[in-house]
Amino acid sequence: MTTSDTLPREADCVVIGGGIVGTCAAWWLARAGQKVVLVEKGAIGGEQSSRNWGWCRQQNRDARELPLSTRSLELWERMGAELGDSLGFRRCGLIYLSNDEAEIEGWAKWGRFARGEGVETHMLTAQQAAERGAATGQQWKGGVWSPTDGIADPSRAAPLIAKGIEKLGGHVVQTCAARGVERSAGRVSAVVTERGTIRTPSVVVAGGAWAGSFLHQQGIFFPQASARSSILSVAPGAQGLPDALHTAPVTVTRRADGGYTLATSGRANLDPTPGAIMGMRHFLPMFARRWRVLRPGGTQAWAAGFETRRRWALDRPTPMERVRILDPKPDAKVIAQTLARGRALMPELNKVPVQAAWGGYIDSTPDGVPVIDADIGVPGLVLAAGLSGHGFGIGPGVGHLVADLILGRAPITETAQYRLARFGRSQWGKVSDF
């Protein structure tokens, strides 16, 4: 998308990062009458916000995220209506199928909890699973159908929301890295960018995988590690496939163009970085739980510098200006395996060619739950990062919650579970199950 080249010299709030969280936060603030400036070092939605499955779900959410997930589904619809575009969001329902009895029982246990929270979720018998999964031509022991969940379009959502910010009077500036913040009397007073300084009393750090290194410049420790995912898409033409289906071997999601995205859940690469090494002790519980589905990575992330712990000067180019968009190479073995699994699961996929394959960095916290916090050590500085692979679906709710914190209004959900301080007190807390 094309955005302004003019950088305002002052704002009520500056949002750093043009992914789904940053654009949603800026949109809700602009909608409330705030003079907002959104700065993005590269392109709006250029990183993980356009590289994900597109799922917007309540199903199998950690209890700490479930209320925010429920509200986000409502907000996807509300934002689409107000923007005059659906953002590709549809409550098409999500299907989960399995032949693993332990996995099915885990879903059933979650369902018993979720129904008590007002979430609609249905366990499937073997016959119902076979009917829902007819395109697979296989028998299944069971599954889940979550009819009120859905999908949105990762390629269009953040850019369309950014256009909505401009219509509300806000400014969106691409190819403009925020190098740091200035303080006056201990609190935020300005953001220093490569194009100049913006005076502001409030700053939102929604930089995704870059957030930890940015906060390090302020002396704030944010434990963060990133996994490299590998995904592919196939061209339109396959018939009779469900819009969104998850199985252990492969997950298949219908794209806006009629093609399908194929991914294998959990098959990510761990590329070592300075940030991950420094925060290793915080991530031991997560690693202990998930090491079986992780693969050793390479040097791509280290070379990209997005988790550097070096200090940089505000009057010189930073790593964010050297690497405008994180565009890692996908793992060729994972891509080949995912394609083979998809075509074996759904024979219709053998009729269509591969469109593209890509990689992306998923930034995670030690417990797999995001940080959304306005009390991180510097008054006026708000953090919204560590979405742990869930950010696209809950992006509208996270953005709304950020606006709530800044405007001092009643938050749409509880906030205690999203505090940054939880890692200083109990980094050995419960790791998210999903």
Answer with yes or no whether the side chains of His246 and Thr251 bring together a donor and an acceptor at under 3.5 Å.
yes

Given ring-ring contact (aromatic ring centres under 6.0 Å, His included), test Trp55 with Phe392 step by step and report yes or no.
CA-CA 7 Å; Trp55 282 37; Phe392 184 75; over 10 Å; no

Can you check whether Tyr361's main-chain N or O pairs, donor with acceptor, with Arg51's side chain at less than 3.5 Å?
no

If you measure from the Lys or Arg side-chain nitrogens to the Asp or Glu carboxylate oxygens, is any gap between Glu77 and Arg91 under 4.0 Å?
yes

Is it true that Lys141 and Asp100 have a side-chain N and a carboxylate O under 4.0 angstrom from each other?
no

Any side-chain donor-acceptor pair under 3.5 Å between Asp149 and Gln59?
no

Residues Arg31 and Glu82 bridged, charged N to O under 4.0 Å
yes

Do Cys24 and Met79 have side-chain heavy atoms sitting under 4.5 Å apart?
yes

Main-chain N/O of Ile412 paired to Asp404 side chain as donor or acceptor, under 3.5 Å:
yes

Can a side-chain donor-acceptor contact be found between Glu120 and His122 if the only test is distance below 3.5 angstrom?
yes

Looking only at atom types and distance, does a side-chain atom of Arg254 sit under 3.5 Å from a main-chain N or O of Leu241, one as donor and one as acceptor?
no

Residues Arg267 and Asp331 bridged, charged N to O under 4.0 Å
no

Would you say that Val173 contacts Asp5 through its side chain, given a criterion of any heavy-atom pair below 4.5 Å between the two side chains?
no

Test item: Asp373 side-chain N/O and Leu383 main-chain N/O as donor-acceptor pair under 3.5 Å
no

Flag the pair Arg324 and Glu40 as a salt bridge only when some basic side-chain nitrogen lies within less than 4.0 angstrom of an acidic carboxylate oxygen.
no

We want to know whether Trp145 and Gln128 form a side-chain donor-acceptor pair, criterion being a heavy-atom distance below 3.5 angstrom.
no

Have Gln300 and Asp271 got a donor and an acceptor in their side chains that come within less than 3.5 Å?
no

Examine the side chains of His171 and Glu166 and answer whether a donor and an acceptor come within less than 3.5 Å of each other.
no

Over 60° means perpendicular and under 30° means parallel, so classify the ring planes of Phe221 and His282, tilted if in between.
tilted

Could you verify whether a donor N or O on one side chain and an acceptor N or O on the other, from Gln174 and Thr3, lie under 3.5 Å apart?
yes

We want to know whether Thr261 and Ser233 form a side-chain donor-acceptor pair, criterion being a heavy-atom distance below 3.5 angstrom.
no

Ion pair Arg64/Asp367, N-O distance below 4.0 Å
yes

Are Arg419 and Asp375 close enough for a salt bridge, meaning some N to O gap below 4.0 Å?
yes

Is the Trp76 ring parallel, tilted or perpendicular to the Phe89 ring (thresholds 30°, 60°)?
parallel

Give a yes or no on whether the backbone of Pro328 and the side-chain of Arg228 come within a donor-acceptor separation of less than 3.5 Å.
no

Is it the case that the side chain of Ser50 and the backbone of Pro154 share a donor-acceptor pair, with hydrogens and angles ignored and the cut-off at 3.5 Å?
no

